[in-house]
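Report on the structure given below.
Both counts, for ligands and for their atoms, begin at 1 and track the order of listing.
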Amino acid sequence: MSTKKMIIDFKKISQEMNKLLAEKSDKSRVTEILTKARELRGLEDSEVLALLQIGESEVELLQQLYHTASFVKEEIYGNRLVLFAPMYISNLCNNECLYCAFRSSNKQLHRVALNQEEIAKETQTLIAQGHKRILLVTGESYGQEGLNYIFRSIETIYAQKEAKGNIRRINVNIAPLQEEEFKLLAKYPIGTYQLFQETYHQESYRKLHLKGAKANYDFRLQTMDRALHAGLHDVGIGVLFGLYDWRYEMLAMLAHVRHLEAEFGVGPHTISVPRIEPAHNSKLSERPPYEVSDSDFKKIIAVLRLAVPYTGIILSTRESAQMRRDAFALGISQISAGSKTNPGGYGSASPGNHFCEEQFSLGDHRELAEVILDMVHLGYIPSFCTGCYRLGRVGADFMDLAKPGAIKEHCMPNALFTFAEYLYDFAPRGSELFMSGLSLIEKILKEKIANPALVQNIQSELVKIANGNRDIYW
Ligand code: SAM
Ligand code: SF4
């Protein structure tokens, strides 16, 4: 079977895209669709199209869209946001992606593959900041050790046990593997395997990826099929917005979602929405061919939230603090914080390895603690929860809970437990963060959890945490 038939009907996407460009939004139909979206069952392609047609100047309709997206996010996940840190362990790469500083022709870049000792130190630094979840990231080449380098690095990260905790979940964003290699990866306790198609538009893809394994569009598009066939449970997809028209990308990415749902009974665990940022020595990254405006970017997030309500949406520190604040309300459920995108960026590279450029420049440079305080002021519970993955609520089991909105009953208590842990272990007693964090927990218990028995159970776990118990999850 050809990829075209198997995953995405490109002709249909082009036709839909033309329709989208030619027609204006229909106000009463939009209202109808937004009412349906509140049922949390997702949207059909034609409904997604109708929402994407809302124009930048249709302020009232956009506001309705945003309100509905916040409602859906709150219903499914509550007002918690999961936090993680990316760890770049290597910038070696055989590929030639024109937007990326790590591309092989960038001879100005200092190349680094951290050794296991350095990876251990990076991990310790992140643990000392309060992190519990890491996204392991590399360029697409692992030196002489091959894939074993990744496996050893996963072991090293999990092996770091510090006085203030350890890393409890590693997600990975590494090169697409063959099915046999995915079977090896599946033996390691990783959470989500993440990979972005970058652009679903084949011609643009060809022009932007000039060399190496990544030049093969079909191989990349079929990656999640190989991963799921090989036994991985959770996969995360994404588009690098700015490479081609975002409308096309949205329609194609949703077609990819439908394909995974139909083929494996489970859609992607997460969708990432990176926008291109300036990267060292990459002209293209400074002037992306299809730059996405802030207003369109918000629409992308809100429509995704309605179209696939049960899927986590990830926003990175590529975006500014203000854009991140705006986006939280539109349906983001996971964010990175305090990130560095160069190997050894958390300060642990050996002497001589210190200077190496970031993969791209960041929009939000704040430390984890600052981001957390900001979230608390906005009323969001920072969560370091790893409960689902550690209790085996993965793949279809997770979706079965997420789809009817029942996952919130785990997410909220676990978010409160991990946030309380963070406050006791990392926020100075009496500090603004400590005090306002504890009052937010109380407020959530009072205002957001209706069942008194549940409130009581949560409170008794919180007392245990205050008394020094750690790693409580349901
Ligand atoms: N090398 C692997 C790959 O390309 O899939 C995995 C890691 S790569 C470092 C992670 C992601 O960074 C890429 O998938 C791409 O979407 C993103 N990226 C690359 N250059 C970027 C840029 N200039 N701005 C924002 N994101 C970028
Ligand atoms: Fe290499 Fe990934 Fe950068 Fe492409 S995006 S050059 S594959 S690190």
message = Is a donor from one side chain sitting under 3.5 angstrom from an acceptor on the other, for Q334 and T270?
response = no
Closest protein heavy atom (residue, atom, distance) for atom 3 (C) of ligand 1 = E140 OE2, 3.2 Å
task = Just jot down the ligand 2 atoms closer than 4.0 angstrom to any heavy atom of E140, in number order.
result = 7 (S)
key: P274 and ligand 1 - part of the residue with a heavy-atom distance under 4.0 Å   = neither
task = With heavy atoms of L195 as the reference, note each atom of ligand 1 found under 4.0 Å away.
result = 5 (O)
ask   = With a cut-off of 4.0 Å, which atoms of ligand 2 are near a heavy atom of N95?
value = 7 (S)
task = Determine whether the side chains of D245 and H201 contain a donor N or O and an acceptor N or O closer than 3.5 Å.
result = no
task = Starting from atom 4 (O) of ligand 1, find the nearest protein heavy-atom neighbour and note its residue, name and distance.
result = K214 NZ, 2.8 Å
remark   = Near V137 (heavy-atom distance under 4.0 Å), the atoms of ligand 1 are 7 (C), 9 (C)
query = Any non-hydrogen atom of R220 lying under 4.0 Å from ligand 1?
reply = yes
request  = Look at the side chain of N106 and the backbone N and O of A101, then say whether any donor-acceptor pair between them is shorter than 3.5 Å.
outcome  = yes
request  = Pull out every atom of ligand 1 sitting under 4.0 Å from any heavy atom of A279, numbered as shown with elements.
outcome  = 23 (N)
task = May I ask whether N91 places a heavy atom under 4.0 Å from ligand 1?
result = no
ask   = For atom 12 (O) of ligand 1, which protein heavy atom lies nearest, and how many Å away is it?
value = Q359 NE2, 3.2 Å
key: Per-atom contacts of ligand 2 with R103, taking only distances under 4.0 Å to non-hydrogen atoms   = 6 (S)
query = Does a side-chain N-to-carboxylate-O contact under 4.0 Å join R324 and D374?
reply = no
ask   = Would you call D294 and R275 a salt bridge, taking side-chain N to carboxylate O under 4.0 Å as the test?
value = yes
query = What do you reckon, does S285 have a nitrogen or oxygen under 3.5 Å from a nitrogen or oxygen of ligand 1?
reply = no
message = Just checking: C93, one of its N/O/S atoms, less than 2.8 Å away from atom 4 (Fe) of ligand 2, yes or no?
response = no
ask   = Atom NZ of K214 and atom CG of N95: how far apart are they, to the nearest 0.5 Å?
value = 6.5 Å
query = How far is atom 1 (N) of ligand 1 from its nearest protein heavy atom, and which residue and atom name does that atom have?
reply = T138 O, 3.1 Å
ask   = Do K211 and S104 have a side chain donor and acceptor closer than 3.5 Å?
value = yes
request  = Using a strict 4.0 Å cut-off to heavy atoms of I276, name the atoms of ligand 1 that fall inside it.
outcome  = 24 (N), 25 (C)
inquiry  = Can you confirm whether the side chains of E277 and S285 place a donor and an acceptor under 3.5 Å from each other?
reply    = no
note = among protein heavy atoms, the one nearest atom 25 (C) of ligand 1 is R318 NE, 3.1 Å
key: Protein heavy-atom partner closest to atom 8 (S) of ligand 2 - residue, atom, separation in Å   = G139 CA, 3.6 Å
inquiry  = Ring-plane angle category for F419 and Y422, please: parallel below 30°, perpendicular beyond 60°, tilted otherwise.
reply    = parallel
task = Nearest heavy atom to atom 20 (N) of ligand 1 wins, so pick from Y99, F196, Y88.
result = Y99
note = closest protein heavy atom to atom 4 (Fe) of ligand 2 is C97 SG, 2.2 Å
key: Value rounded to 0.5 Å, distance of CD1 in I276 from OH in Y290   = 12.0 Å
note = Counting from 1 in the order shown, the ligand 1 atoms closer than 4.0 Å to a non-hydrogen atom of R275 are 25 (C)
message = Any salt bridge linking K183 with E180? Criterion: basic side-chain nitrogen under 4.0 Å from a carboxylate oxygen.
response = yes
remark   = the protein heavy atom lying closest to atom 21 (C) of ligand 1 turns out to be F360 CD2, 3.6 Å
request  = Note the single closest protein heavy atom to atom 2 (Fe) of ligand 2, along with its residue, its atom name and the distance in Å.
outcome  = K214 NZ, 3.9 Å
request  = Nearest 0.5 Å please: distance from the CZ atom of R133 over to the CG atom of L126.
outcome  = 14.0 Å
message = Quick check against the 3.5 Å criterion: does R220 have a side-chain atom that pairs as donor or acceptor with the backbone of A215?
response = no
ask   = Any idea which protein heavy atom is nearest atom 13 (C) of ligand 1, and the distance to it?
value = E198 OE2, 3.2 Å
key: Check: T192/R169 side-chain N/O donor and acceptor closer than 3.5 Å   = yes
message = For Y188 and F151, take the angle between the two ring planes, folded into 0 to 90°, and tell me which bin it lands in: parallel under 30, tilted 30 to 60, perpendicular over 60.
response = parallel
key: Closest candidate by heavy atom, reference atom 3 (Fe) of ligand 2, pool G212, C100, S141   = C100
task = If you have a sec, work out which protein heavy atom is nearest atom 6 (C) of ligand 1 and how many Å separate them, to one decimal?
result = N173 OD1, 3.0 Å
